[in-house]
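Only one structure is covered here, and it is reproduced in the block below.
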Protein chains: 2
Amino acid sequence: MLDAALASFGTAGFAGTSLDDLASGLGIRKQTILYHFVSKRGLLNAVVDSVAADLILALEQVLAGSQRDWERVEALVRSVFRVALEQPVLLGLLREVSRPNSPGAQRLRGHMDPLMARARLWIEAEMAAGRMRRTDAQLLLLSAYSTVVGVATEIEVLRAAGVGPTLRPVVQRRRELLRFLRASLDPTS
Amino acid sequence: MLDAALASFGTAGFAGTSLDDLASGLGIRKQTILYHFVSKRGLLNAVVDSVAADLILALEQVLAGSQRDWERVEALVRSVFRVALEQPVLLGLLREVSRPNSPGAQRLRGHMDPLMARARLWIEAEMAAGRMRRTDAQLLLLSAYSTVVGVATEIEVLRAAGVGPTLRPVVQRRRELLRFLRASLDPTS
DNA sequence: CCACCTGTCTACCATCTGGTAAGGGCCCTG
DNA sequence: CAGGGCCCTTACCAGATGGTAGACAGGTGG
């Protein structure tokens, strides 16, 4: 149910998703959905929670690793892109929910803010220690985030233009993001 | 009416926009809207047409200018970004409509395809003449397009994060795009 | 065997949605 | 002044939507 909702919210949007359609696509009645998630909004919240948990899990695994400094940044970026490639619909939801005034945007922020704050503190500590070049950490993080979300747009635009599902543009985006981060952060480059 | 519809479609999405709300926001009845645009879909089409006309006008003005080769590319990029900065809601609609299966996506393509084909032919001619480096012109164009659309996401994410409306990230994005294009196209770089 | 809980169902509802039908004011033209 | 197009209105509707209420089946523990 969460998977189906994720797919529908990510492609048709929250307002564009009807519980009836969603349920009939699953071969059940919508009341079953409402039984588990109370309301449509509750379903969205659960989906957002699930997506955030996926992302956080992937990031935590990297943070538990042994990479340091710039290597850690690179590993984090690669990890996020890996999740995105494995679950393209996830990006769709992220984009849908990245819109302010959108239901769920606030909830997503609730999940992401601690992560962002943590990342920001870490980066600033690295900068203070001279292992990273000084720059605006928050702006950097938000820019990276929007780049990842932007990949969703790119994939869809390419598909709409008839270009087959190729991962080359995605890899290219990742390379650009890494280059951007490197130029901003790496003191040795 | 077109302006209000553009804003609503761009922020709340097509499915998330109700004609009643739209009309009451304008101080009129929804039947007045339907009188002019026949249907909600017709309104969307008109908005898409209007947006496409704005973009095409801006691009045509550059094409009528005297820049050549790489300078022309740079002028085109700057022109598009200027329009985007002047009308941020325009990017919202572009993003909304850049989603496949979205009503209006096909219509937008109808406007953009000739432009894209023309740009592609021009780039390929330049490449054949040795004034541009050889690369996949279509992929390049679509990547540039999705970068521009991605700016919409970035602006909204920044605003949601409490970062005031600053144009620095947008300028940064433009610089990145130009650098990307330059690296792909400019034979002298 | 009974009471209870859980999960799904059918039945139903209030509201909102886009859209149709028709009327009235306004202005221009004959 | 009559007629007709233009623009906007009120009145209304059929269908879809999210949500509530309650029945039914199956499993579990006492």
Side-chain angles (χ1 to χ4, degrees), chain A residues 1-51 53 89 92-93 95-108 110, chain B residues 1-51 53 89 92-93 95-108 110:
Chain A
M1 277 173 56
L2 280 176
D3 288 347
L6 167 60
S8 183
F9 287 154
T11 57
F14 180 71
T17 295
S18 106
L19 291 183
D20 277 307
D21 292 351
L22 197 58
S24 72
L26 288 165
I28 59 177
R29 309 299 137 219
K30 78 172 161 195
Q31 281 71 14
T32 304
I33 298 179
L34 287 172
Y35 170 77
H36 288 280
F37 301 99
V38 181
S39 69
K40 189 185 183 184
R41 180 63 186 268
L43 175 61
L44 176 65
N45 286 341
V47 170
V48 169
D49 291 351
S50 162
V51 163
V89 280
L93 183 87
R95 190 181 67 160
E96 164 75 11
V97 126
S98 283
R99 174 174 53 192
N101 306 330
S102 150
Q106 201 173 351
R107 195 174 186 92
L108 181 69
Chain B
M1 277 172 56
L2 279 177
D3 288 347
L6 167 61
S8 183
F9 287 154
T11 58
F14 180 71
T17 295
S18 105
L19 291 182
D20 277 308
D21 292 351
L22 197 59
S24 72
L26 287 165
I28 59 176
R29 311 300 136 219
K30 77 171 162 195
Q31 281 71 13
T32 305
I33 299 179
L34 287 172
Y35 170 77
H36 289 281
F37 301 100
V38 181
S39 69
K40 189 185 184 184
R41 181 63 186 268
L43 175 60
L44 176 65
N45 285 341
V47 171
V48 169
D49 291 351
S50 162
V51 164
V89 283
L93 183 87
R95 189 181 67 160
E96 164 76 10
V97 127
S98 284
R99 175 171 55 191
N101 306 330
S102 149
Q106 200 174 352
R107 195 175 186 90
L108 182 69

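Just so it is clear, the model here is predicted, and its values are computed rather than measured. Chain A is the first sequence line, chain B the second, and so forth, proteins listed ahead of strands; every chain is numbered from 1.
The interatomic distance linking B/Leu43 (CG) with C/dT17 (C1') rounds to 15 Å, in whole Å. Rounding to whole angstrom units, CG of residue B/Leu19 and P of D/dC13 are separated by 20 Å. Remark: P of C/dG7 and CD1 of A/Ile33 are 15 Å apart, rounded to the nearest angstrom. What separates NE2 of B/His36 from P of C/dG18 is a distance of 18 Å, to the nearest Å. In this structure, the CZ atom of B/Phe37 is 15 Å from the P atom of C/dG18, given to the nearest Å.
The list of ring-ring contact (aromatic ring centres under 6.0 Å, His included) pairs with a residue in residues 14-33 of chain B, not counting sequence neighbours, reads B/Phe9-B/Phe14. For residues 32-42 of chain B, the set of pairs meeting the side-chain hydrogen bond (donor to acceptor under 3.5 Å, both in side chains) definition, not counting sequence neighbours, is empty.
Nearest heavy-atom pair across A/Arg99 and A/Ala105 is O-CB, 3.5 Å. When all heavy atoms are compared, the tightest approach of B/Leu93 to B/Leu6 is CB-CD1, 3.5 Å.
One finds a side-chain N or O of A/Ser18 lying less than 4.0 angstrom from the OP1 or OP2 phosphate oxygen of D/dT17.
For A/Arg95, the side-chain hydrogen bond (donor to acceptor under 3.5 Å, both in side chains) partners at least two apart in sequence or on another chain are A/Thr153, A/Glu156. Residues meeting the side chain to side chain contact (heavy atoms under 4.5 Å, CB included) test with B/Asp20, sequence neighbours left out: B/Ser18, B/Lys30. Evaluation of the salt bridge (Lys or Arg N to Asp or Glu O under 4.0 Å) rule for B/Asp49 yields B/Arg107 as partners, not counting sequence neighbours. Listed by chain and residue number, A/Ser8 satisfy the side-chain hydrogen bond (donor to acceptor under 3.5 Å, both in side chains) test with A/Thr17 (two or more places apart in sequence, or in another chain). With sequence neighbours excluded, the residues satisfying side chain to side chain contact (heavy atoms under 4.5 Å, CB included) with A/Ala46 are A/Leu2, A/Phe37. Residues forming a salt bridge (Lys or Arg N to Asp or Glu O under 4.0 Å) with B/Asp3 (at least two apart in sequence, or on another chain): none.
Side-chain contact check for B/Leu19 versus B/Leu43: some heavy-atom pair is nearer than 4.5 Å. A/Thr11 has its side chain out of reach of B/Asn101: every pair of non-hydrogen atoms, C-beta onward, lies at least 4.5 Å apart.
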Atom pairs under 3.5 Å: protein N/O with N/O of nucleotides 4-6 of chain C:
none

Under-3.5 Å N/O pairs linking protein and nucleotides 22-25 of chain C:
none

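Taking a 4.0 Å limit (strictly below) on heavy-atom distances, residues 20-29 of chain B reaches DNA chain D at B/Ile28, B/Arg29.
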Where protein sits on nucleotides 20-28 of chain D, one letter per nucleotide: B base, S sugar-phosphate only, - none, heavy atoms under 4.0 Å: BB-------
Candidate pair A/Met1 and A/Ile33, rule side chain to side chain contact (heavy atoms under 4.5 Å, CB included), full reasoning: CA-CA 8 Å; A/Met1 277 173 56; A/Ile33 298 179; 3.8 Å; yes
